[in-house]
Structures are given as structure tokens and as C-alpha cells.
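These notes are about the structure you will find just below.
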There are 2 protein chains.
Amino acid sequence: MSTATIGPEAPATARPLPVLNDCCTPTSAMSDDDASLLAGMFKALADPARVKILSMLLNADEVCACDFSASIGKTAATTSHHLKLLRDAGLITGDRRGTWVYYRVIPERLTAIRDALTLGQ
Amino acid sequence: MSTATIGPEAPATARPLPVLNDCCTPTSAMSDDDASLLAGMFKALADPARVKILSMLLNADEVCACDFSASIGKTAATTSHHLKLLRDAGLITGDRRGTWVYYRVIPERLTAIRDALTLGQ
DNA sequence: TCAGTGTTTAGATGAACGTCGAAACACGGT
DNA sequence: ACCGTGTTTCGACGTTCATCTAAACACTGA
């Protein structure tokens with residue numbers, strides 16, 4: 001991920017700083033892009049079915065697509081939908097080998113999430 | 001029956017599990033409760049505004065509620081709504097001191113999320 | 001080539017979410 | 001006690017999401 005430097009995208013119009021209170025020293029948030037990217041990864045995990053899928057992949061480094069459906073108790077179509085969301089978020093990857101599709105996690109992306117949640121950086 | 005000729009028939013190992021394919025060794029997912037709890041925490045972070053709020057709290061160990069609204073570019077009502085979601089998820093806490101309310105993260109909960117994302121346990 | 005099985009996509013539907021303005025609540029100062 | 005300001009709740013609106021069935025696609029084996 002890009003360096004999460006502080007500093008908003010300069011809304012150069014009008015005021016350089018909004019009205020501030022004297023309650024505390026102002027703190028700036030991360031950029032819109034970084035926040036959206038991170039929120040997208042969190043959103044990909046914001047469902048019990050997808051958390052279960054990830055947990056299976058964290059325990060065994062490779063899982064057949066046919067295994068997920070029974071374990072999470074959803075239809076094959078719904079399961080495939082969840083797998084696609086996790087793929088689109090860049091958290092997992094799957095490759096077809098003949099009849100079956102095997103999925104695995106992308107460790108780097110999980111590391112990115114963990115780092116974003118780490119205090120003090 | 002085991003005295004039959006060698007052949008391509010299935011191995012007679014008894015399996016009490018539901019219909020399984022022979023594509024892989026079955027992997028079990030985490031419990032419903034654990035998955036729901038984790039998904040709830042991820043859902044609390046599945047929005048750029050809330051990610052920004054958390055990033056501010058990770059950089060400064062205490063932030064006044066009045067600071068968030070300007071930094072994330074949302075109305076006070078919307079900001080309060082997001083703060084409530086983060087509170088309900090147990091990720092942050094806020095206490096009123098006179099006029100202002102000061103928020104801070106709950107480090108243990110962030111650690112729980114990080115641990116859940118860690119490979120190999 | 002065809003039939004059977006595993007996987008994904010398309011369309012539809014009800015629930016949950018993000019956002020706002022307006023109103024209510026909490027507190028400090030006059 | 002009242003007024004002004006910071007914060008939260010309420011009600012409403014449009015959007016997004018999770019889920020299913022049905023259909024399409026991918027591959028194997030005969």
C-alpha cells in the first residue's frame with residue numbers, strides 16, 4: 001500500500017483549515033484513497049461466511065471450492081459469490097486444475113490489513 | 001468383501017461425513033459464533049469514514065469528537081452514527097468530560113482482529 | 001459426440017446500510 | 001433559569017448487500 005502520509009487532498013477552495021475548537025490538538029486522518037482501499041478489504045471480510053472461508057484457508061494452505069459450500073452451509077451459487085468478493089478484494093486467489101478449483105490466501109494482503117490495525121505504526 | 005480383486009473401486013474407509021468429493025482432504029471452518037463475532041468487527045471497519053476515524057485514533061491516543069466531523073467530511077450526525085457503530089463493535093470507547101467527548105481505541109480488540117488474520121496461528 | 005458433475009453468472013427480492021435535516025439531549029456560562 | 005454550543009437520536013430516502021433459483025459455462029469420461 002502507498003505510504004499513508006497525513007494530509008488531505010487540499011480542498012484549496014476557501015479556508016485552509018475549518019473552524020477549530022480549543023478542545024484538543026487537531027489530528028488528521030489518512031487519505032481518501034487509503035481509507036477506501038482498507039475499507040474495501042474490511043468489507044470483504046464483513047460476513048460470517050467469508051470469515052469462515054478465510055479461516056479454512058488459513059488452516060490449510062489450499063482448499064477445493066467444493067469444500068466451502070458444506071462447511072459454511074450455503075448453496076454453491078452463494079458460496080461462489082462470496083469467493084468472488086474475496087478474490088476481487090485481492091485477499092485470495094484460485095486456480096482451476098481440471099474439474100476442481102483450488103483456493104489459497106494471498107498472505108501479503110492480510111499483512112497489509114494487520115499493519116493498518118497496528119498501534120503507533 | 002475385502003477379498004475382491006484389486007481395482008479402481010473406492011477405499012472402504014468408513015466416513016460419517018456428508019457427501020464428500022475426492023478432490024482434497026476436508027477442512028473445517030471456525031464456529032458460527034466466532035465467525036459472526038469477527039465479521040461484526042470487520043463490518044464495523046467496512047467504511048472509509050470509520051477507517052479514517054480509527055486511523056486518527058491510532059495516531060493520537062485520544063481525539064475529541066468535534067475533530068472527526070471535519071476530517072472525514074461528514075455532518076456531525078453522520079459522524080456520531082459512525083462513532084456509535086465503532087463503539088458497539090467494541091473497537092473504541094468515549095467518555096464525556098464536560099462539553100466534549102473524547103474517544104480512544106481499545107487495543108485488545110484490535111489485537112483480536114490481527115490474531116484472527118495471522119497465518120498458521 | 002454426448003451425458004454427468006463441478007463451478008460461475010444472471011436476475012429477482014427482501015434486509016441492511018450511509019446519509020442527511022430536524023429535533024432532542026448534555027453541559028457551561030451568564 | 002435561560003441561552004448557546006457540542007453531541008446524539010429520530011425519521012426518511014436511495015443505495016448496496018446476501019440469498020436464492022435458474023441458466024450458462026468448464027471439464028471429464030465413455
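Proteins get letters first, then strands, A, B, ... in listed order; numbering begins at 1 in each. Scope of the values below: all heavy atoms of this structure, side chains included, with no hydrogens, waters or symmetry mates.
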Margin query: Has R50(A) got a side-chain atom pairing as donor or acceptor with K43(A)'s backbone, closer than 3.5 angstrom?
Written below: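 It does hold such a pair.
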
Notebook entry, point to check: Do any N or O atoms from the side chain of R104(A) and from the backbone of G94(A) form a donor-acceptor pair under 3.5 angstrom?
Noted result: no

Does [X] put a side-chain nitrogen or oxygen below 4.0 Å from OP1 or OP2 of [N]?
X	N	result
Y103(B)	dT8(D)	yes
T99(A)	dT28(D)	no
S80(A)	dT8(C)	yes

Next item on the list: Would you mind telling me which of dC20(C), dT7(C), dT21(D) lies closest to the side-chain atoms of W100(A)?
Entry: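 Between dC20(C), dT7(C), dT21(D), the one nearest the side chain of W100(A) would be dT7(C).
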
Please report, rounded to the nearest Å, how far the [atom2] atom of [N] is from the [atom1] atom of [X].
X	N	atom1	atom2	value
F42(B)	dA16(C)	CZ	P	21 Å
K74(A)	dT7(C)	NZ	P	18 Å
D47(A)	dC17(C)	CG	P	11 Å
F68(B)	dT8(D)	CZ	P	10 Å
K43(A)	dG18(C)	NZ	C1'	10 Å
L45(A)	dA18(D)	CG	P	12 Å
R96(B)	dA26(C)	CZ	P	8 Å
R97(B)	dG28(C)	CZ	P	13 Å

Checklist line | Charged tip of R97(B) within 45° of Y102(B) ring normal and under 6.0 Å | finding: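 Yes, a cation-pi geometry holds between R97(B) and Y102(B).
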
Notebook entry, point to check: By a strict heavy-atom criterion of less than 4.0 Å, which residues belonging to residues 81-90 of chain B are in contact with DNA chain D?
Noted result: K84(B), R87(B)

Checklist line | Stepwise side chain to side chain contact (heavy atoms under 4.5 Å, CB included) check, T93(B) with Y103(B) | finding: CA-CA 6 Å; T93(B) 181; Y103(B) 282 93; over 6 Å; no

Checklist line | Atom of S69(A), atom of T75(A) and distance for their closest heavy-atom approach | finding: OG-C, 3.7 Å

Check: When we call it a touch if two heavy atoms are under 4.0 Å apart, what does A65(B) touch: a base, just sugar-phosphate, or nothing?
Finding: sugar-phosphate

Next item on the list: Would you classify A77(A) as touching base, sugar-phosphate or nothing, given that sugar-phosphate means primed atoms plus P, OP1 and OP2, and contacts are heavy atoms under 4.0 Å?
Entry: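 Since a base atom lies under 4.0 Å of A77(A), the category is base.
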
Notebook entry, point to check: Would a hydrophobic clustering, with Ile, Leu, Val, Met, Phe, Trp and Tyr connected at side-chain separations under 4.5 Å, put L85(A) with M41(B)?
Noted result: no

Check: Which is it for L117(A) and F42(A) under the side chain to side chain contact (heavy atoms under 4.5 Å, CB included) test, yes or no, and what are the steps along the way?
Finding: CA-CA 11 Å; L117(A) 291 175; F42(A) 286 126; 3.9 Å; yes

Checklist line | First encountered from the 5' end of DNA chain D, between T78(A) and G98(A) | finding: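 Closer to the 5' end of DNA chain D: T78(A).
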
